[in-house]
Amino acid sequence: MQDIEFDFDFFVIGAGSGGVRAARTAAALGARTAIAEQRFFGGTCVNVGCIPKKLYTYAAQFAHQWRDAKAYGWLTGELPSFDWQILKDNKDKEIKRLNGIYQNLLGGAGVTIIEGRAELTGPHCIRIGDQQVTARHILIATGGKPRLPDIPGIELAISSDGFFELNQQPKRAMVVGGGYIATELAGVFAGLGSEVHLVHRGDILLGNFDREIADFVTNAIESYCHVSLKTQIKCIEKNIKNKDVDSDLLVTLDNGQQVPVDSVLFATGRTANTEHLGLQALGVTLDDSGAVVVDENYESTVPGIYAVGDVINRVTLTPVALAEGQLLARRLFGPASESKRPAWSYDLVASAVFSDPQLATVGWTEDQARARFPDVKVYKSKFRPLKHTLTGAAEFTLMKMLVDPVSDRVVGVHMAGTDAAEIVQGMAVAMQAGATKADFDNTLGIHPSAAEEFVTMRTPVAK
Ligand code: NDP
């Protein structure tokens with residue numbers, strides 16, 4: 001498999017989830033592999049995404065737990081105080097540890113690590129600083145970056161990257177957007193005690209998910225955030241005018257309202273990192289959003305140049321990037337039987353939003369299912385979790401299951417509520433295995449649990 005014509009068999013640009021998995025898999029299969037990274041090992045997920053975000057959501061959940069403890073006899077007295085800097089320092093330490101682990105994993109697998117910015121200078125040529133190397137196959141795994149709209153005062157705002165650098169908790173925070181990051185970070189700010197204004201241009205938060213589940217989560221978020229829907233930001237300025245309010249910034253909305261806040265966070269989507277890589281000069285086609293266009297083998301329009309993960313903007317989730325990176329490496333460097341290894345179904349990728357409450361989903365939404373299976377059966381369960389029978393908190397869980405009546409296959413599972421991500425992961429396995437509603441009915445529940453609702457749904461709701 002080795003090709004002495006080139007310095008490397010495989011050169012990966014970007015040591016995030018997709019790039020690291022591809023490089024390690026390729027090296028384990030005997031390919032002479034190198035990886036270039038200019039910023040941090042582990043990419044977005046480890047440094048400014050999934051991992052630190054989840055740590056912050058754990059921190060935010062304690063506020064609920066103190067509140068709930070009283071009903072169970074814990075005489076907690078006053079709410080303990082929260083120190084943002086301690087959380088940030090501990091988060092930074094953990095991320096540093098993970099950076100080291102990623103580097104060790106690569107080194108241990110025999111991957112050559114090159115720290116610096118890589119750029120393509122020819123179909124098989126890469127330049128990193130003063131160094132020029134050649135490779136038979138090149139993988140672009142450069143991920144994405146936050147996309148902020150061009151409005152007056154945008155330089156005063158932060159993105160999710162900036163959120164993880166904040167050394168001080170804003171007393172009042174504005175979060176802009178209605179997707180994953182906006183709802184997750186609004187929940188974190190609020191749980192940690194900030195006053196939160198969530199501003200979204202759409203008529204519902206999380207509008208790309210099942211409408212009913214999104215509506216349920218929107219209502220729940222409205223109970224602890226000031227949510228402005230169908231609203232956009234007109235401009236941001238330093239708060240000099242409104243001196244009687246102690247805040248750093250003044251935000252003007254398109255409805256004329258002015259909101260004094262200490263921090264404005266834009267979570268208005270992400271864009272592929274394809275600039276200054278020399279891609280277009282080589283003829284690599286990018287789509288309108290700047291993402292690399294690839295075929296079913298993750299090969300770009302230039303043979304030998306591949307791309308996986310957020311940079312192809314297909315399904316921008318860490319497990320998808322990992323799976324794409326691994327699949328590509330196996331197809332390229334595995335035994336001949338691996339070269340045609342099929343991809344998994346992109347339609348059955350489960351995902352979760354770690355908002356408060358959590359939302360998790362796999363398969364079609366009700367609208368998508370109705371378009372495909374006209375008589376789709378909808379099963380639903382809405383309940384107050386057992387824990388809250390004592391606390392009295394107005395927290396509910398909503399679960400939905402969609403079934404194609406012809407095949408009896410479960411074609412969509414959606415949940416909003418505590419532990420949604422943990423529960424729906426198991427549902428994804430069942431759906432991947434082609435489970436029917438009868439299979440769910442024949443499964444005994446774990447009692448008492450929220451998850452058992454998914455195997456005790458007996459009557460579909462009326463159309
Ligand atoms: P999303 O695509 O989820 O949401 C972007 C939001 O910003 C949408 O509500 C969109 O509104 C709005 N928006 C876009 N452009 C503008 C604009 N110019 N002005 C005002 N609003 C705008 O992106 P995120 O940034 O939240 O996250 C990026 C990706 O990262 C996600 O799609 C997801 O794949 C991944 N991610 C996954 C997580 C997880 O698995 N838990 C967590 C965080 C991120 P509209 O709907 O009207 O277009």
Side-chain angles (χ1 to χ4, degrees), residues 16-18 43-58 143-154 157-164 174-188 197-209 211 214 217-218 221 227-236 251 253-255 264-273 288-291 309-324 346 349-362 365 415-416 420-422 424-425 428:
S17 304
T44 301
C45 174
V46 166
N47 294 278
V48 285
C50 329
I51 300 299
K53 178 275 309 292
K54 190 84 189 278
L55 296 175
Y56 275 78
T57 59
Y58 285 134
K145 59 180 177 218
R147 186 186 56 227
L148 279 66
D150 187 15
I151 55 159
I154 194 69
I158 57 169
S159 66
S160 49
D161 287 4
F163 171 87
F164 294 112
M174 180 171 285
V175 179
V176 187
Y180 280 86
I181 298 177
T183 54
E184 290 180 343
L185 297 187
V188 168
H197 297 262
L198 183 50
V199 178
H200 175 42
R201 67 182 180 185
D203 63 352
I204 189 171
L205 300 174
L206 298 167
N208 290 333
F209 292 85
R211 184 89 194 172
V217 176
T218 301
I221 293 177
V227 178
S228 304
L229 297 172
K230 297 190 202 160
T231 308
Q232 300 227 51
I233 310 290
K234 218 165 141 196
C235 66
I236 309 166
V251 182
L253 307 179
D254 63 357
N255 59 15
V264 184
L265 188 158
F266 275 80
T268 43
R270 295 176 63 84
T271 185
N273 271 328
D288 292 344
S289 72
D310 287 6
V311 79
I312 64 171
N313 195 25
R314 203 174 266 181
V315 177
T316 52
L317 297 170
T318 294
V320 174
L322 292 170
E324 290 172 345
Y346 278 87
V349 174
S351 81
V353 186
F354 294 95
S355 46
D356 178 13
Q358 264 181 32
L359 179 164
T361 176
V362 55
T365 66
M415 174 174 173
E422 306 294 339
V424 169
Q425 179 68 85

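Start at 1 and go down the list; that is how both ligands and their atoms are numbered. As a basis for the values below, the full set of heavy atoms in this structure was taken, side chains included, without hydrogen atoms, waters or symmetry mates.
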Those residues that, when tested against Thr318, pass side-chain contact (heavy atoms from CB on, under 4.5 Å) (two or more places apart)
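Checked Thr318 against side-chain contact (heavy atoms from CB on, under 4.5 Å); matches are Ser17, Cys45, Cys50, Leu322.
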Please give me the minimum heavy-atom distance between Asp254 and Thr231, naming the atom from each residue.
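Closest approach of Asp254 to Thr231: OD1-CG2, 3.6 Å.
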Work out which heavy atom in Ser160 is nearest to a heavy atom in Ile181; give both atom names and the distance.
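Smallest interatomic distance, heavy atoms only, reads CB-CG2, 3.9 Å.
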So which residues, sorted by chain and number, lie with a heavy atom under 4.0 Å of ligand 1?
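Those residues closer than 4.0 Å to ligand 1 by some heavy atom are Lys53, Pro149, Gly177, Gly178, Gly179, Tyr180, Ile181, Glu184, His200, Arg201, Gln232, Ala267, Thr268, Gly269, Arg270, Thr316, Leu317, Ala352, Phe354.
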Gln232 side-chain N/O to Arg201 backbone N/O, donor-acceptor pair under 3.5 Å
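Here the side-chain-to-backbone pair does not exist.
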Taking the six-membered ring where the residue is Trp, are the ring centres of Tyr180 and Phe209 under 6.0 Å apart?
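Centroid distance Tyr180-Phe209: below 6.0 Å, so yes.
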So does Lys234 have more than 12 non-hydrogen atoms from other groups sitting under 6.0 Å from NZ?
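Not more than 12 within 6.0 Å, no.
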